[in-house]
Amino acid sequence: MNQPLTPNSFRAGPDEDGRFGIFGGRFVAETLMPLILDLQEAWETARKDPEFERELDGLNATYTGRPSPLYFAERLTEKLGGAKIYFKRDELNHTGSHKINNCLGQILLARKMGKTRIIAETGAGQHGVATATVCARFGLPCVVYMGATDVERQAPNVFRMKLLGAEVKPVTAGHGTLKDAMNEALRDWVTNVDSTYYLIGTAAGPHPYPELVREFQSVIGKEAKEQMLAAEGRLPDMLVAAVGGGSNAIGLFHPFLDDKDVSIVGVEAGGKGLDGEEHCASLTAGSPGVLHGNRTYLLQTGDGQIKEGHSISAGLDYPGIGPEHSWLKETGRVDYVPIMDDEALSAFQLLTRTEGIIPALEPAHALAEVVKRAPQMDKDQIILMNLCGRGDKDVFTAAKHLGVDL
Amino acid sequence: MTTRIEDRFAKLKNEGRPALVTFVMGGDPDHQTSLDIVKALPGAGADIIELGMPFSDPMADGPSIQKAGLRALQAGASLKKTLDIVRSFRDDDAQTPLILMGYFNPIYIYGVDAFVRDALDAGVDGLIVVDLPPEMDEELCLPALKAGLNFIRLATPTTDDKRLPAVLKNTSGFVYYVSITGITGAAAPDAGKVAAAVTRIKGHTSLPVCVGFGVRTAEQAEEIGKGADGVVVGSAIVSAIEASLVNGHAGETTVSDVLRIVGELSKGVSAARLAKA
């Protein structure tokens, strides 16, 4: 069979052309190409610059509140009756999710490049809020593109962004969803190349975005590794994280990729089931294609037209996935599985009642997989899950699905 | 053997005028009307035809061409059907160069080798693929060139002298100069700046240079045409299709409206010759 060879290290990618195996690359219009090369140069310089690292570490500590705690979920562990369950609590970050880790890193990069205007795309609004937040912090004008459908569904986040001084532009082009918002952000960027920095929200897009977003999010996995060694004196047996574009997951996974005894599970949004059209499981039900600057797994038709995704969680509602995840799937290093809307909703309620933590619907997907796996494992085994966002934003959605009128 | 594109530019050089390059979306507003339009374009004054391959996510296109792509897809367009349009066009026209323009994913899914073979077989002369910069030449550019298709590259205002040789290296047929930093059909280009950019590009290549993005009227076509080997018009033509629709479908005037606007643009580029002489 055509199985890719197991590489010596799973942490070496991407290569100099931005490839993870056949995935990744730089599939962009010529107008953007010189800019992408500038960004790469700025990134190469910044990542070796101790001053850049010091500044980012300082902001992570005093602005975001890092390190986020590692928490042993005692009651949940008892209830499930198997492996010990730990959460990496990135939901406690300023702005309520892991998104801020990436935004702080990128805005420092934008400043180094002398850019004076920031644009971003957002689905649920979490990345939009995080971007608007760092723009307020650094006094830069911010434009957030958001699908018109999402603007309606996520009114509180739209208001937050506006409070923070951002301009929210509803996107009606295409079908008015996250992928259309990303197209519109790219159109803005191509029009305002000189002044503007495109602050992408996930570990996808043209090289070097997948790499730099991963590096900014890897703070999650690095901290978790140290914290786990301190708490248990050993590494976990299993990592679990939700994947939409895949930035919280790659942030947790990457520092562990070469630890062979750690099994790794990525959880996709199975929506209403993979048999129909209403899901977002690009890795389990999609195929490789080229969109938004990279080759990766996509939900698409036999003619190469991109399909709309569906999930109860707007943050997983993207028909693609970061290219490194596509490669980790093909090499077999990470196991990707779907979780349905109703399973995520049950897990959302379970965590709320057993641990007093309201999770976002995205990590609720990861939790639903933990609920399936923990009872199958021994009591001396350990699962580490990324609790990447808090659920305040989702209470209205949850109420609607639970038949409660607020 | 010379190619259709070379023959056409040689002919236009004799006439002393720039080429009118017209863009329409394959299958817009429906397959048959699209075919009727493409077949009638040369008679109305189009020297080179660019036929769009519809894609769900056209990230370098403005609203007019975005909507044209969606209309075509809703009417059942596919890459295979776009190639069918080319094949039918070639039944009656052996001279007019026809170039396919679009994004890589539908081609990648069709299969690069199969696509190159079928495109040649259908009578396609060249390809413009927006999201394949020179860094991605191995994906499609090199296989296409090897098989005998022209690969027409976009050069832009951000393509500086340092980068230009890389952009021109595997370009053939002509160079497509994108007159603005932006999307199709946006701001009007400044004719003076465009002429300077064309001169700069010509310092690096002997290929003809055509200019597009933002050219809408006969007057602009004339102005831009004075300083270039060709003028590309897309959004204005595609907008005419949109304006002619009745309840979202082709109306009685759809084809004639397109041909009228192409006729006007053709007068514009011909006037560029008179001005040049």
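Residue numbers start from 1 in every chain, and the chains themselves are labelled A, B, ... in the order their sequence lines are given, proteins ahead of strands. Not measured: the values here are computed from a predicted model.
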> If I measure from the heavy atoms of chain A, does L79(B) come under 4.5 Å with its side chain, its backbone, both, or neither?
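Both the backbone and the side chain of L79(B) come within 4.5 Å of chain A.
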
> Any luck finding a side-chain donor-acceptor pair between S195(A) and N192(A) under 3.5 Å?
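Absent: no donor and acceptor within the cut-off.
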
> Measuring heavy-atom distances to chain A, does P58(B) have an atom under 4.5 Å in its side chain, in its backbone, in both, or in neither?
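Looking at P58(B), backbone and side chain both touch chain A.
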
> If you count heavy-atom pairs under 4.5 Å with chain A, which of T159(B), N105(B), I183(B) comes out on top?
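Max contact count across the listed options: N105(B).
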
> Side chains of T191(A) and D188(A): do they bring a donor and an acceptor to under 3.5 Å?
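Short answer, no.
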
> Using side chain to side chain contact (heavy atoms under 4.5 Å, CB included) as the criterion, list what pairs up with P288(A), not counting sequence neighbours.
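With sequence neighbours excluded, P288(A) shows a side chain to side chain contact (heavy atoms under 4.5 Å, CB included) to F23(A), Y297(A), Y108(B), given in chain and number order.
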
> Chain B heavy atoms under 4.5 Å from L37(A): which part of the residue, side chain, backbone, both or neither?
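Contact with chain B is through the side chain of L37(A) alone.
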
> Taking atom types as modelled, find out whether W43(A) and E211(A) have a side-chain donor-acceptor pair closer than 3.5 angstrom.
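Yes.
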
> Looking only at heavy atoms and a cut-off of under 4.5 Å, which of R153(B), E139(B), K162(B), K80(B) has the most pairs with chain A?
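Most heavy-atom pairs within the cutoff with chain A belong to E139(B).
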
> With the side chain counted from C-beta on, respond yes when K179(A) and P319(A) share a heavy-atom pair under 4.5 Å apart, and no when they do not.
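A side-chain contact exists here, since the closest heavy-atom pair is under 4.5 Å.
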
> Taking every heavy-atom pair that is under 4.5 Å apart, which of V129(B), L132(B), D61(B), V167(B) has the most such pairs with chain A?
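Most heavy-atom pairs within the cutoff with chain A belong to D61(B).
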
> For a quick test of reading the model, state the closest non-hydrogen atom pair linking L140(B) to V112(B) and the distance between them.
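Smallest interatomic distance, heavy atoms only, reads CD1-CG1, 3.8 Å.
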
> Indicate whether any N or O donor in one side chain lies under 3.5 Å from an N or O acceptor in the other, for H292(A) and Y209(A).
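No.
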
> In terms of heavy-atom proximity below 4.5 Å to chain B, should I22(A) be classed as side chain, backbone, both, or neither?
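Side chain of I22(A) only, per the 4.5 Å heavy-atom cut-off to chain B.
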
> Using heavy-atom distances under 4.5 Å, tell me whether L73(B) contacts chain A through its side chain, its backbone, both, or neither.
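Contact with chain A: side chain only.
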
> At a heavy-atom separation under 4.5 Å, does I306(A) approach chain B through its side chain, its backbone, both, or neither?
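Contact with chain B: backbone and side chain both.
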
> Non-hydrogen atoms of chain A under 4.5 Å away: do they reach the side chain of D160(B), the backbone, both or neither?
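For D160(B), there is no contact with chain A at all, as no heavy atom is under 4.5 Å.
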
> Listed by chain and number, what are the side-chain hydrogen bond (donor to acceptor under 3.5 Å, both in side chains) partners of E277(A), not counting sequence neighbours?
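Only K307(A) meet the side-chain hydrogen bond (donor to acceptor under 3.5 Å, both in side chains) criterion with E277(A).
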
> Tell me, side chain or backbone of A77(B) under 4.5 Å from chain A's heavy atoms, or both, or neither?
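Contact with chain A involves the backbone of A77(B) alone.
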
